[in-house]
Enquirer: 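The structure that follows is given in the form of structure tokens.
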Amino acid sequence: MKEIKVIIADDHNLVRQGIKKVLELESSINVVAETSNGRETIIMAQKHNPDIILMDINMPLVNGIEATKIIKEKMPHVKIIALTIHEDEEYIYETVRSGAVGYLLKDVDPGRLVESILRVYEGNSVIHPSITSKLLNEFNRLSSPAEESYGELTAREQEVLGLIAKGHSNKEIAKSLFISEKTVKNHVYNIFRKINVADRTQAAVFAIKNNLVEI
């Protein structure tokens, strides 16, 4: 596997050092920078061009949500995982809307943190188990249902969407449905277009709202 470049953004030095020690145990992960505020994170992202940023939400100068928005605007290929103590629906919703593809709590198991980074690098989304229902509740409160878009999906597309919501990669979906990865990519493109979402996290929320997958 290609080396995964990671930036750790957190205003607590002790937290950063703890995360770094965990990640250093994984040979494919290289922590290229540590930052203590959102402004510094934006600068370091442009300097190091990371694959993934572990982003705290409450940071000085520029908070994690705003930093995520700015980085995604300038560098849309960078994948951002929120790593925070906050379980409030408002934080979750705004973080996902800002462009994050993952939302983990700081009590996450070290092994799961590493696994989440690897999965996000492969193109998947990750959400802390205790967050899923809260994320769905907030989207239900602030978003209007998309039944018309749901009705446009073919049976196969609904099947693929359900597997996306379960966190499966394109390769895993292809193997499960006995189709090529290229075919899966075509289905994913059509699904995103039909239900008007930008990434796998939003697609997963849509699938849960429309009962295509069980929480």
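For this chain, numbers begin at 1 and follow the sequence in order.
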Enquirer: Just one of Val31, Ile71, Ile53 clears the side chain to side chain contact (heavy atoms under 4.5 Å, CB included) bar with Ile7, so which one?
Expert: Ile53

Enquirer: Side chains of His168 and Asn124: any donor to acceptor distance under 3.5 Å?
Expert: no

Enquirer: Lys5 side chain to His48 main-chain N or O, any donor-acceptor pair under 3.5 Å?
Expert: yes

Enquirer: If you take all heavy atoms of Lys72 and Ser98, which pair is closest and at what distance?
Expert: CG-O, 3.9 Å

Enquirer: Taking C-beta and beyond as the side chain, do Ile52 and Ile80 meet within less than 4.5 Å on heavy atoms?
Expert: no

Enquirer: Classify the side-chain pair Ser176/Glu172 by whether it contains a donor and acceptor separated by less than 3.5 Å.
Expert: no

Enquirer: Is the closest side-chain heavy-atom distance between Lys2 and Tyr121 below 4.5 Å?
Expert: yes

Enquirer: Linking I/L/V/M/F/W/Y whenever their side-chain heavy atoms sit closer than 4.5 Å, directly or via other members, would Met55 and Ile43 fall into one cluster?
Expert: yes

Enquirer: Does Glu115 pair with Arg112 as a salt bridge, N-O distance under 4.0 Å?
Expert: no

Enquirer: Heavy-atom distance under 4.5 Å between the side chains of Ile29 and Ile117, does that happen here?
Expert: yes

Enquirer: Under a 3.5 Å threshold, yes or no: a donor from one side chain and an acceptor from the other, between Ser180 and Thr183?
Expert: yes

Enquirer: Is there a chain of hydrophobic side chains (I, L, V, M, F, W, Y, each step under 4.5 Å between heavy atoms) that links Phe206 to Ile164?
Expert: yes

Enquirer: About how many Å separate CZ of Arg97 and CD of Glu94, when rounded to the nearest 0.5 Å?
Expert: 5.5 Å

Enquirer: For the residue pair Asn170 and Glu181, confirm or rule out a side-chain donor-acceptor distance under 3.5 Å.
Expert: no

Enquirer: Are Arg16 and Asp11 ion-paired here, with the side-chain N under 4.0 Å from a carboxylate O?
Expert: no

Enquirer: What's the verdict on salt bridge (charged side-chain N to carboxylate O under 4.0 Å, His left out) for Glu24 and Lys21, showing C-alpha distance, side-chain angles and the deciding distance?
Expert: CA-CA 5 Å; Glu24 285 178 338; Lys21 287 183 181 298; 5.7 Å; no

Enquirer: Does Ile173 reach the side chain of Leu177, with side-chain heavy atoms less than 4.5 Å apart?
Expert: yes

Enquirer: Compare all side-chain heavy atoms of Thr41 with those of Met59 and state whether any distance is below 4.5 angstrom.
Expert: yes

Enquirer: Hey, could you give me the CD1/OG1 distance between Ile8 and Thr35, rounded to the nearest 0.5 Å?
Expert: 9.0 Å

Enquirer: Working to the nearest 0.5 Å, report the span between OG1 of Thr68 and CD1 of Ile42.
Expert: 9.0 Å

Enquirer: Using the rule that two of Ile, Leu, Val, Met, Phe, Trp, Tyr join whenever any of their side-chain heavy atoms come within less than 4.5 Å, decide whether Val108 and Val22 are in one cluster.
Expert: yes

Enquirer: Just by modelled atom types, is the Gly123 backbone N or O under 3.5 Å from a matching donor or acceptor in the Arg200 side chain?
Expert: yes

Enquirer: Considering only NZ, NE, NH1 and NH2 on the basic side and carboxylate oxygens on the acidic side, decide whether Arg156 and Glu159 come within less than 4.0 Å.
Expert: yes

Enquirer: To the nearest 0.5 Å, tell me how far Ile4 CD1 sits from Glu122 CD.
Expert: 7.5 Å

